[in-house]
K.L.:
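Sharing a structure, written as structure tokens. Questions coming.
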Amino acid sequence: MINGGIPLKGTVEISGAKNSAVAILPAALLADTPSTIDNLPEISDIELLSKMIEYLGGKTIKKEHEIIIDPKGINSFCPPHELASQMRASYYLIGALLSRFNEAAIAMPGGCNIGVRPIDQHIKGFEALGAKTTIEHGIIKVKADKLVGNHIYFDVVSVGATINLMLAACKAEGTTILENCAKEPHVVDVANFLNAMGANIKGAGTDMIKIVGVDKLHGCKHTVIPDQIEAGTYMVAAAATHGDVTIKGIIPKHLESIIAKMSEMGVIIEEYDEDLRVTTAGRLKRVDIKTQPYPGFPTDMQQLMAVLLALADGVSMITENVYEGRFKYLDELKKMGVNAKVEGRTAVIEGVEKITGAPLKATDLRAGAAMIIAGLAANGVTEVKNIYHIDRGYEAIEKKLQKLGADIKRVK
Ligand code: EPZ
């Protein structure tokens, strides 16, 4: 429940990156000895992954924002389907278990309903390393006599496929070259983690990655990078409520495209080494947004920015180039008086002076966060349901917003 119209003020600390942590926990299973991972976000996707690792025979010791993973006891390559199908990143267990056992059997991944989301590039990669893949009864089975390095060109830039093939190739025989790779900060963070365990990966963060297989990996200590999209979420919340918020513990480089687009709208962003201060001076201006893989404008910020555009002066266009079904949330926002229409992969948003509170249903993770921000900027009360979507990727969002002065509460 949100009572809107209050400018957010104060400081918010950014948590570790979801899309990095959900790959690093499976990656820890490639080692023979324990790893300690800190700056871990307290989100439900991490709880789910820890449960799956325990089910596979691994030991986990959980402390606040930290986990120790001991992979020595791992004795299964088949996590419970009802758990694996609840989240997208369970597909990283395929790369990890294939590398450990030359075999894996995992339920087709779940995750946000924002488009078709095939995994053909993952499978293409595994098969190029010598694995055979079958999909039956919703289960992906991948098996290899042995994994041998190869040259793999991705037909589409995919975060998941790039990371999964790094996991599968780092103990394969010989050298693997990955081309047309994703360059997101979390791809680099996972490569750094693997190299700290003794892998030999070069070029992460560029569109070509070279992996020289090694026999063994050992545990290590790793600090997860700050969450680029969580930081972007609080930047939008500050601007949408015309507040004054300092966002702490970020890496400005990771936010360049977001800072550029918001500055174009007239948002005032002061950059410091690890912090940003966000304020505004009057009504924001319209802009056009085209989502692209990193370092382009992140698709995960698209829904959040739509709330700013809905209150901006003029007509804006959002072109969603990564997913074909990521505008569903607009039907919910229209209940608040948002003026938007969708044509194919483009949404046309005509800015309005004000929006009003309404009962909304979160349709996925970022859509849910966008609805909370719309509620903070609206006149009156907004109710956001299906918040389990939001808890998957945001740590204690209502507590962090309350600390910034928001009138928001979680109602059972
Ligand atoms: C990751 O998803 C993120 N999820 C997504 O964040 C994010 O939207 C996406 O990358 C793009 O940045 C995680 O990291 C867990 P992709 P992923 O493979 O790996 C197509 C959030 O809100 N494709 O980069 O699934 C695909 O359909 C979530 O935190 C294929 O065609 O995304 C999409 O159109 C939502 N075949 C495009 O590529 C494949 O085998 C990019 O997908 C793989 C992908």
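Note that ligands are numbered from 1 as they come in the structure, with each ligand's atoms numbered from 1 the same way. In this text, all values refer to a predicted model and were calculated from it rather than measured experimentally.
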K.L.:
For the pair K72 and D32, find out whether any cationic side-chain nitrogen is under 4.0 Å from an anionic carboxylate oxygen.
P.N.:
no
K.L.:
Quiz question: by atom type and distance under 3.5 Å, do the side chains of S15 and K400 form a donor-acceptor pair?
P.N.:
yes
K.L.:
Please report which non-hydrogen protein atom sits nearest to atom 42 (O) of ligand 1, along with the residue it belongs to and the distance in Å to one decimal place.
P.N.:
Y323 OH, 4.1 Å
K.L.:
Flag H186 as yes when one of its N or O atoms lies below 3.5 Å from any N or O atom of ligand 1, and as no otherwise.
P.N.:
no
K.L.:
Do D189 and H222 have side-chain atoms, one donor and one acceptor, less than 3.5 Å apart?
P.N.:
yes
K.L.:
Does a side-chain N-to-carboxylate-O contact under 4.0 Å join E398 and R410?
P.N.:
yes
K.L.:
Provide the closest heavy-atom pair for A312 versus R286 in the form atom of the first, atom of the second, distance.
P.N.:
CB-N, 4.0 Å
K.L.:
Tell me which protein heavy atom sits closest to atom 33 (C) of ligand 1, plus the residue, atom name and distance to 0.1 Å.
P.N.:
V322 O, 3.5 Å
K.L.:
Can you list the ligand 1 atoms lying under 4.0 Å from a non-hydrogen atom of H122?
P.N.:
40 (O)
K.L.:
Below 4.0 angstrom from a heavy atom of R326, which ligand 1 atoms are there? Numbered from 1 as shown, please.
P.N.:
8 (O), 22 (O), 35 (C)
K.L.:
Which one of P118, G160, A369 has a non-hydrogen atom at the shortest distance from atom 43 (C) of ligand 1?
P.N.:
P118
K.L.:
Looking only at protein heavy atoms, which one is nearest to atom 22 (O) of ligand 1, and how far off is it?
P.N.:
R366 NE, 2.8 Å
K.L.:
Give the contacting part of A161 toward ligand 1: side chain, backbone, both or neither, where contact means a heavy-atom distance below 4.0 Å.
P.N.:
neither
K.L.:
For the pair Y91 and H122, name the ring-plane relationship: parallel under 30°, tilted 30 to 60°, perpendicular over 60°.
P.N.:
tilted
K.L.:
Looking only at heavy atoms, which two atoms of L167 and V190 are closest? And how far apart?
P.N.:
CD2-CG1, 4.5 Å
K.L.:
Does any N or O atom in R88 lie less than 3.5 angstrom from one in ligand 1, N or O only?
P.N.:
yes
K.L.:
Heavy atom of E230 under 4.0 Å from ligand 1?
P.N.:
no
K.L.:
Side chain, backbone, both or neither: which applies to K18 and ligand 1 if a contact is any heavy-atom pair less than 4.0 Å apart?
P.N.:
side chain
K.L.:
Give a yes-or-no answer on whether the side chains of T291 and Q302 include a donor-acceptor pair shorter than 3.5 Å.
P.N.:
no
K.L.:
Looking only at heavy atoms, is any part of I229 under 4.0 Å from ligand 1, and if so is it the side chain, the backbone, or both, or is it neither?
P.N.:
neither
K.L.:
List the atom pairs, with distances to 0.1 Å, where a side-chain N or O of residues 196-213 and a protein N or O form a donor-acceptor pair under 3.5 Å, not counting sequence neighbours.
P.N.:
residue: N200; atom: OD1; partner: K202; partner atom: NZ; Å: 3.0
residue: T206; atom: OG1; partner: G203; partner atom: O; Å: 2.6
residue: T206; atom: OG1; partner: M208; partner atom: N; Å: 3.2
residue: T206; atom: OG1; partner: M208; partner atom: O; Å: 2.8

K.L.:
So, 4.0 Å and heavy atoms of V116: is ligand 1 close enough to count as a contact?
P.N.:
no
K.L.:
Among D120, I114, V159, which one has a heavy atom closest to atom 1 (C) of ligand 1?
P.N.:
V159
K.L.:
Considering only non-hydrogen protein atoms, determine which one is nearest to atom 8 (O) of ligand 1 and report residue, atom name and distance to 0.1 Å.
P.N.:
D300 OD1, 2.6 Å
K.L.:
Say whether H151 and E179, considering side chains only, have a donor N or O and an acceptor N or O under 3.5 Å apart.
P.N.:
yes
K.L.:
Is ligand 1 less than 4.0 angstrom away from at least one heavy atom of Y91?
P.N.:
yes
K.L.:
Just going by heavy-atom distances, which of V156, D45, I119 is nearest to atom 23 (N) of ligand 1?
P.N.:
V156
K.L.:
Among protein heavy atoms, which sits nearest to atom 15 (C) of ligand 1, and what does the distance come to when rounded to 0.1 Å?
P.N.:
N19 OD1, 3.5 Å
K.L.:
Please list the nearest protein heavy atom to atom 40 (O) of ligand 1 with its residue and the distance rounded to 0.1 Å.
P.N.:
Q121 N, 2.7 Å
K.L.:
Would the number of heavy atoms belonging to other residues, nucleotides or ligands and lying under 6.0 Å from NZ of K62 be above 12?
P.N.:
yes
